[in-house]
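A short write-up of the structure that comes next.
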Amino acid sequence: MILAVPVLLVLSALFLAFGLVLPLVRFEKLYFFNETPSLIDIVVSLWAQGSGGLAVLVVLFSIVFPVVKLFAIALEATTPTPADGKAHWIARLLPLLGKWSMMDVMLVALVIVAAKTSGMASAFTQPGLWFYAASAIMTGLLQMKLQRH
């Protein structure tokens with residue numbers, strides 16, 4: 001049980017990396033995206049098409065935010081508790097970060113549902129989405145485990 005935190009930290013980081021570079025979804029009729037775009041491909045496509053603001057938002061909430069959250073969890077797991085018993089600023093920040101954990105996965109799921117119901121495309125989930133979701137779930141489990149201490 002002592003190895004649970006380090007193993008979950010490593011797996012979460014690895015799964016996040018896979019979630020960023022592997023295809024998230026496969027569209028069969030939609031010409032706007034490549035056939036099977038990864039999260040990185042979607043950001044590059046948005047930027048190239050002149051949607052810089054949206055690309056920046058996706059980068060912040062889908063790439064930067066999860067990486068910062070993983071670093072914060074790693075810091076929380078490796079930093080000793082202060083002598084006065086008060087929580088670190090990281091411990092107070094993590095619950096706020098946790099509220100946004102599955103937002104990206106939900107947005108991709110909504111895009112898939114919208115594509116299917118509008119008739120624009122047939123959409124199918126790909127491994128990148130599952131790795132991304134697994135990383136978000138593991139970081140949530142890590143947060144719960146660390147909050148108990």
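We count residues from 1, following the sequence as given.
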Can you find a pair of side-chain heavy atoms, one from [X] and one from [Y], that are under 4.5 Å apart?
X	Y	value
Leu60	Phe65	no
Val58	Leu39	yes
Leu22	Leu129	no
Ser62	Tyr132	yes

_Leu70 side, atom CG; Met138 side, atom CE - distance, nearest 0.5 Å_ =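 If I round to the nearest 0.5 Å, the distance is 10.0 Å.
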*Sorted by first residue and then second, give each side chain to side chain donor-acceptor pair (under 3.5 Å) pair with at least one member in residues 16-25; sequence neighbours left out.*
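Qualifying pairs: none.
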*Does anything in residues 13-22 pair up under side chain to side chain donor-acceptor pair (under 3.5 Å), and if so which pairs, sequence neighbours excluded?*
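Every candidate side chain to side chain donor-acceptor pair (under 3.5 Å) pair involving residues 13-22 fails, so no pair, neighbours aside, qualifies.
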Which atom pairs, donor and acceptor, lie under 3.5 Å between side-chain atoms of residues 6-21 and protein residues at least two apart or in another chain?
unit_1: Ser12; atom_1: OG; unit_2: Ser135; atom_2: O; d: 3.3
unit_1: Ser12; atom_1: OG; unit_2: Ser135; atom_2: OG; d: 3.3

_Donor-acceptor pair, side chain of Ser45 and main chain of Asp41, under 3.5 angstrom_ =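 Side chain of Ser45 to backbone of Asp41: no pair is present.
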*asked:* Going by the rule side chain to side chain donor-acceptor pair (under 3.5 Å), which residues pair with Trp47 if we only count those two or more places apart in sequence or in a different chain?
replied: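 With sequence neighbours excluded, Trp47 shows a side chain to side chain donor-acceptor pair (under 3.5 Å) to no residue whatsoever.
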*Using the side chain to side chain contact (heavy atoms under 4.5 Å, CB included) rule, take Ile40 and Ile63 through it: C-alpha gap first, then chi angles, then the decisive distance, then the call.*
CA-CA 9 Å; Ile40 303 289; Ile63 299 172; 3.9 Å; yes
*Smallest separation among heavy atoms of Val43 and Val59, with atom names*: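 Result for this residue pair: CG1-CG2, 3.3 Å.
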